[in-house]
K.L.:
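Sending over a structure as structure tokens; questions will come in a sec.
Note that this is a predicted model, so its numbers are computed, not measured.
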Amino acid sequence: MITKSKGLEINEAKQGKIGAEIIGLDVNSLSENAPELALIRQLIYKNKLVVLRGQELNAERYVAFTRKLGRPQVYFQPQYHHPDHPEVFVSSNVIEADGKKLGVSGTGRYWHTDCAFEKHPLSFTSIYPLVFPKSARETSYIDMAAVYSKLPDELRSYVETATAVHEGKMRYKVQASDIDKSLSELLDRIHNEVPPVNHPAVIQHPVTGEKILYISSGFTTKLAGLSYEENERVMQALFDFAEKPEHIHTHYWEEGDLIIWDNRPLVHKASSIQPGEKSKSYRIGIYDDLPFYVGIN
């Protein structure tokens, strides 16, 4: 559906698809009570992913916008932080003018939903790329509400009332302060920082009411109550079904794109790049201050 109003063009997702596009809106111009902010949130819930075209942002302006849309996250590991704006999570392999590199390179190249390994996962993720690699300019998504609706009966019977266990330890990025520490020491520290958490394997969205298969091959390690052998078989079958090519939506980035998506229904994966290519993006997580799913405290 295409809507044009007050200089804006809004292209919403087709039936059964995800992703809306907003053209003609400068997020830097929005006041704290601008009606466009409510519109953006509505479009995120309905279309699950929104692309705002033609934005011109730096770290300061980016943080200011996300404060109007919700509550920006400060990620729990400081090595990802922008030095002046800790709300900005930096993914970069670019050496800055002072000879230093900001943030961490090569993030998110596996299927996951951000902060599933925390008690209160992240509502929205927003990304604003600054330096594009030549070989790969895309991020891929899977709508896990659509996946749940298509699950074969055998797999559905495993997840309908199950509890899924999520862990982030295997995605930990080694940092300079880890030198001279054993793997055992590092794993113990990571476990203390982000111990495994439980969430329902099927959650209900607090706004849309959709049922969503809330697992990912990046962070979900098992279904509680199953034997090791049965977990290995069932989890692999679930991931194989969810990650079928026909379930994947790919966004191809353009200069000036600011993308925001709902972490409840969508898992995502960043693309890999060729060795030697430069890549840099800013990410800000946003809490909408609603329950992540119906029934969570």
Side-chain angles (χ1 to χ4, degrees), residues 1 3 10-22 38-51 69-70 111-126 139-166 197-220 223 235 237-251 259-269 285-297:
M1 182 176 70
T3 303
I10 300 171
N11 302 307
E12 294 198 58
K14 296 179 181 179
Q15 183 69 31
K17 302 294 183 180
I18 67 170
E21 178 186 49
I22 302 176
L39 172 64
I40 293 170
R41 283 178 59 145
Q42 291 167 6
L43 289 171
I44 294 169
Y45 294 134
K46 181 180 178 183
N47 297 270
K48 301 175 182 178
L49 178 154
V50 171
V51 184
L69 191 64
W111 290 112
H112 66 290
T113 178
D114 289 330
C115 302
F117 52 81
E118 295 186 351
K119 184 177 179 180
H120 296 284
L122 187 61
S123 309
F124 300 157
T125 294
S126 64
T139 302
S140 296
Y141 301 86
I142 297 173
D143 179 0
M144 297 298 280
V147 167
Y148 178 67
S149 71
K150 299 173 185 175
L151 271 182
D153 290 343
E154 180 195 2
L155 293 178
R156 184 183 294 267
S157 69
Y158 276 103
V159 298
E160 277 187 318
T161 60
T163 296
V165 180
H166 306 265
V197 299
N198 296 338
H199 294 295
V202 179
I203 63 173
Q204 184 175 10
H205 197 290
V207 176
T208 68
E210 280 189 308
K211 296 285 187 71
I212 300 160
L213 180 61
Y214 190 65
I215 63 171
S216 71
S217 54
F219 290 142
T220 311
L223 297 177
M235 297 305 293
L238 285 165
F239 297 145
D240 286 346
F241 183 83
E243 296 168 12
K244 285 183 175 183
E246 58 262 36
H247 295 155
I248 297 172
H249 168 91
T250 299
H251 173 70
I259 192 167
I260 310 169
W261 68 87
D262 189 339
N263 270 299
R264 299 171 176 95
L266 298 188
V267 297
H268 66 283
K269 180 174 72 169
I286 307 167
Y287 294 103
D288 60 8
D289 288 329
L290 297 174
F292 189 76
Y293 51 82
V294 174
I296 192 174
N297 294 325

K.L.:
Taking only residues two or more places apart in sequence or in another chain, which ones pass side-chain hydrogen bond (donor to acceptor under 3.5 Å, both in side chains) with Ser140?
P.N.:
Thr250

K.L.:
For Lys119, enumerate each residue passing the side chain to side chain contact (heavy atoms under 4.5 Å, CB included) test, keeping only those at least two apart in sequence or located in another chain.
P.N.:
none

K.L.:
Quick one: list whatever passes ring-ring contact (aromatic ring centres under 6.0 Å, His included) with Tyr214, sequence neighbours left out.
P.N.:
His166, His199, Phe292

K.L.:
Only counting residues at least two apart or in another chain, list the ones meeting salt bridge (Lys or Arg N to Asp or Glu O under 4.0 Å) with Glu154.
P.N.:
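If we apply the salt bridge (Lys or Arg N to Asp or Glu O under 4.0 Å) test to Glu154, skipping adjacent residues, the hits are Arg233.
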
K.L.:
With sequence neighbours excluded, what pairs up with His120 under the ring-ring contact (aromatic ring centres under 6.0 Å, His included) test?
P.N.:
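Counting only residues at least two positions away or on another chain, His120 forms no ring-ring contact (aromatic ring centres under 6.0 Å, His included).
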
K.L.:
Applying side-chain hydrogen bond (donor to acceptor under 3.5 Å, both in side chains), can you list everything that pairs with Asn198, at least two apart in sequence or on another chain?
P.N.:
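For Asn198, no residue satisfies side-chain hydrogen bond (donor to acceptor under 3.5 Å, both in side chains) once neighbours in sequence are set aside.
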
K.L.:
Partners of Gln204 by side-chain hydrogen bond (donor to acceptor under 3.5 Å, both in side chains), sequence neighbours excluded?
P.N.:
none

K.L.:
My understanding is that only residues two or more places apart in sequence, or in another chain, count here; which of them pass side-chain hydrogen bond (donor to acceptor under 3.5 Å, both in side chains) with Asp153?
P.N.:
none

K.L.:
Quick one: sort the Phe219 and His112 rings into parallel, tilted or perpendicular, breaks at 30° and 60°.
P.N.:
perpendicular

K.L.:
Roughly how far apart are Leu151 CG and Lys211 NZ, rounded to 0.5 Å?
P.N.:
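Going from the CG atom of Leu151 to the NZ atom of Lys211 covers 12.5 Å.
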
K.L.:
Would you check if Ile248 and Trp111 make a side-chain contact, meaning some heavy-atom pair closer than 4.5 Å?
P.N.:
yes

K.L.:
Does CD belonging to Gln15 count more than 12 external heavy atoms closer than 6.0 Å?
P.N.:
no

K.L.:
Let me see the working for Lys150 and Asp143 under salt bridge (Lys or Arg N to Asp or Glu O under 4.0 Å), right down to the final yes or no.
P.N.:
CA-CA 11 Å; Lys150 299 173 185 175; Asp143 179 0; over 6 Å; no

K.L.:
Under the rule for ring-ring contact (aromatic ring centres under 6.0 Å, His included), what residues qualify as partners of His251, not counting sequence neighbours?
P.N.:
Trp253

K.L.:
Can you sort out the partners of Tyr45 under ring-ring contact (aromatic ring centres under 6.0 Å, His included), two or more places apart, ordered by chain and number?
P.N.:
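Once residues adjacent in sequence are excluded, the partners of Tyr45 under the ring-ring contact (aromatic ring centres under 6.0 Å, His included) criterion are Phe124, His205.
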
K.L.:
Sequence neighbours excluded, which residues qualify as side chain to side chain contact (heavy atoms under 4.5 Å, CB included) partners of Pro245?
P.N.:
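For Pro245 there are no side chain to side chain contact (heavy atoms under 4.5 Å, CB included) partners, ignoring immediate neighbours.
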
K.L.:
Excluding sequence neighbours, so at least two apart, what forms salt bridge (Lys or Arg N to Asp or Glu O under 4.0 Å) with Glu210?
P.N.:
Lys48

K.L.:
Does the side chain of Thr113 come within less than 4.5 Å of Leu266's, by heavy atoms?
P.N.:
no

